[in-house]
Amino acid sequence: MCSSESTARQRQRGPFWLALRVLVFAVIFVGFAEIWFRVAMPADQAPLNYESHPSTLSRFDPSSYTSGVHTIGRLCLGQTRWHINNDGWNCAYDYSVGPHHRLVIALFGDSYVEGFATNTTNHLEAYMSRFLRPAVTYAFGQSGWYLEQCVATARYVRHRFDPDVIVVLVGDGDVRDSIQERGEHSAFWWQIATGQTGAFVEVAPRAQYRLIWKARAVRESALANYLRYNAAVSLPGMNSATTGQSPSQPAAAVNNGWQSLLPAASFMIRALRQQNPRTPIVFVANDARYLPVRSIPQTPLSDDVHAVEIACRTVHGCYFLDTRWAFSRDWKRNHVRFEAADGGHWNAYANRLVAGTLADFLVRHRIVEPATD
Amino acid sequence: MLAGIVVFALVTFAWIFFRAPSLAAAGRFLSQLILHPAGANELQRFVPVLLLSAGLLLYEWLTRRWEHGLAIAAVPMAARWLAYVGICMAIIIFGYLGATRAIYVQF
């Protein structure tokens, strides 16, 4: 029998062989894709979220994946390495619990503090720990966090680590997104709302975060990670978000100026003060980066940040650092951009600049002693 | 080839009206096309797309006498399947995987 007759006879065998060929091809393709997205184009690997009790605090699970790579976009660019420490935060070093013999600085914030955009050795807290040695900085942040979530997390941090200094990174939306009337961003996070007496009250999360089995299963597949995190495809039964929780309801697009945000900012800062009566609290503005230096005095901060600045003035032991000066002067002098590969978050250079500026601020205001070599 | 280029240009021109949210927007687009034919200062971000498009057009030209672009039954199976894997990977990496509206929907 010649080969053409054999081939023709094979093609006439029908759907079973077609299905078998499709199945074999699928196995080969998935195998190739798994190797490709682990070696040639490493897919984004996200740590697993988990919620601890009774703190209702969302962070990363230190008992599961503790290291991995973070890449951006369809071409898997801007590769950085992350590491989840013993307390569930993306940091190069572990945190010591309980009484400590050196000064502890607790740093709170959102994705800028969470730090997936840079390697852990180039994080804000890593630079601060180097610049203020022997003082150590512990970072507590997750993507999407706003001010009230930081306030709630600070209760856990006070109980567990008893920090000597508190630093909170604030940016656009941090006060506005904290207010429940303006939209619920996550059922798992704290917010504030207007109570029956007209005063603000803290509102606990209304749902408990539970990791679904699909998330754990999908995490093992490089192809699934690529589709979910790099290509942002919604896999069946799962959202396409990365580490941050996606908003359950978009915030109302209302902007009545910083004055309308001042009561909420004051409430949260006073709550933070009540939790930490003797601890210096420093708010660091995450605002514009490339303003001409001479225009900074005439350029207002964003409404949320400005409301925090004004509220700070009324609370004893509360400080405010405007980083626009540091960014603008450095840009004028060195012309080195501050963005990571994602085009938004701070890169290692910017982290170092902010850490250095903050370290100088803390020393100048005698909050922290100068570093010892 | 010239006929192909002319047809491509005419169809692309017609798609301006299919894709624009309104006739006024289409008119603004056309005026910018005449006044700034090379675009503003963002031409470099289209270079990867242009290179990929040029590659695909070249492949189309080289296989112009085939029944279709994947008429590779005579090629050994291993090479064929490698080509299929490559095409699937290209779809995953470069394809639009989200919800999309047909270009004619808003016309």
Side-chain angles (χ1 to χ4, degrees), chain A residues 2-12 17-18 20-44 71-77 218 221-236 238-241 246 341-343, chain B residues 15 19 21-22 25 38-60 63 65-103 105-106:
Chain A
C2 67
S3 62
S4 60
E5 288 173 348
S6 168
T7 306
R9 195 166 287 196
Q10 210 169 26
R11 284 184 186 144
Q12 289 169 1
W17 292 107
L18 175 62
L20 185 63
R21 284 202 298 272
V22 169
L23 181 63
V24 171
F25 176 79
V27 169
I28 292 172
F29 170 72
V30 170
F32 180 88
E34 286 291 327
I35 295 171
W36 181 267
F37 290 123
R38 287 170 199 270
V39 178
M41 286 173 56
D44 188 25
T71 56
I72 298 162
R74 305 292 286 276
L75 298 180
C76 303
L77 301 174
V218 159
S221 164
L223 175 58
N225 280 333
Y226 177 84
L227 290 173
R228 189 171 182 221
Y229 298 120
N230 294 91
V233 172
S234 294
L235 300 180
M238 304 172 68
N239 61 36
S240 63
S246 57
D342 63 6
Chain B
W15 275 348
R19 204 67 178 93
S22 65
N41 54 357
E42 295 183 354
L43 196 60
Q44 65 260 32
R45 74 185 175 103
F46 294 106
V47 168
V49 170
L50 290 172
L51 287 174
L52 276 173
S53 300
L56 287 171
L57 282 170
L58 179 64
Y59 182 79
E60 279 291 316
T63 61
R65 303 198 192 286
W66 293 11
E67 183 181 352
H68 57 80
L70 276 179
I72 53 175
V75 173
M77 192 177 90
R80 262 189 294 122
W81 281 36
L82 191 62
Y84 300 153
V85 167
I87 290 167
C88 291
M89 290 296 292
I91 290 171
I92 286 177
I93 295 171
F94 299 109
Y96 186 62
L97 302 177
T100 184
R101 293 191 308 172
I103 195 168
V105 164
Q106 62 191 25

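Letters A, B, ... mirror the listed sequences (proteins, then strands); counts begin at 1. Values below: every heavy atom of this structure, side chains too, minus hydrogens, waters and symmetry copies.
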> Using a heavy-atom distance cut-off of less than 4.5 Å, which residues of residues 35-43 of chain A contact chain B?
Replying inline: A/W36, A/F37, A/M41
> Between A/E34 and A/L223, is there a donor-acceptor pair closer than 3.5 Å when you use the side chain of the first and the backbone of the second?
Replying inline: yes
>> Which atoms of A/V30 are under 4.5 Å from chain B, going by heavy atoms: the side chain, the backbone, both sets, or neither?
In response: neither
> To the nearest 0.5 Å, how far apart are CD1 in B/I93 and CZ in A/R74?
Replying inline: 8.5 Å
>> Need one label for A/F25: side chain, backbone, both or neither, based on atoms under 4.5 Å from any heavy atom in chain B.
In response: both
> Which residues from residues 81-88 of chain B are near chain A, with near meaning under 4.5 Å between non-hydrogen atoms?
Replying inline: B/W81, B/Y84, B/V85, B/C88
Which donor-acceptor pairs under 3.5 Å do the side chains of residues 67-74 of chain B make with protein atoms, sequence neighbours left out?
unit_1 : atom_1 : unit_2 : atom_2 : d
B/H68  : ND1    : B/L70  : N      : 3.0
B/H68  : ND1    : B/A71  : N      : 3.3

>> So, taking the atom named OH in A/Y226 and the one named OG1 in A/T71, what distance separates them when rounded to the nearest 0.5 Å?
In response: 9.0 Å
> Could you name the residues of residues 50-60 of chain B that have a heavy atom within less than 4.5 Å of a heavy atom in chain A?
Replying inline: none
> Which atoms of A/A231 come close to chain B, meaning under 4.5 Å heavy atom to heavy atom: side chain ones, backbone ones, both, or neither?
Replying inline: side chain
> At their closest point, which heavy atom of A/D44 faces which heavy atom of A/N230, and how far apart are they?
Replying inline: N-OD1, 2.8 Å
> Can you tell me how far CG of A/L18 sits from CG of A/L23, rounded to the nearest 0.5 angstrom?
Replying inline: 11.0 Å
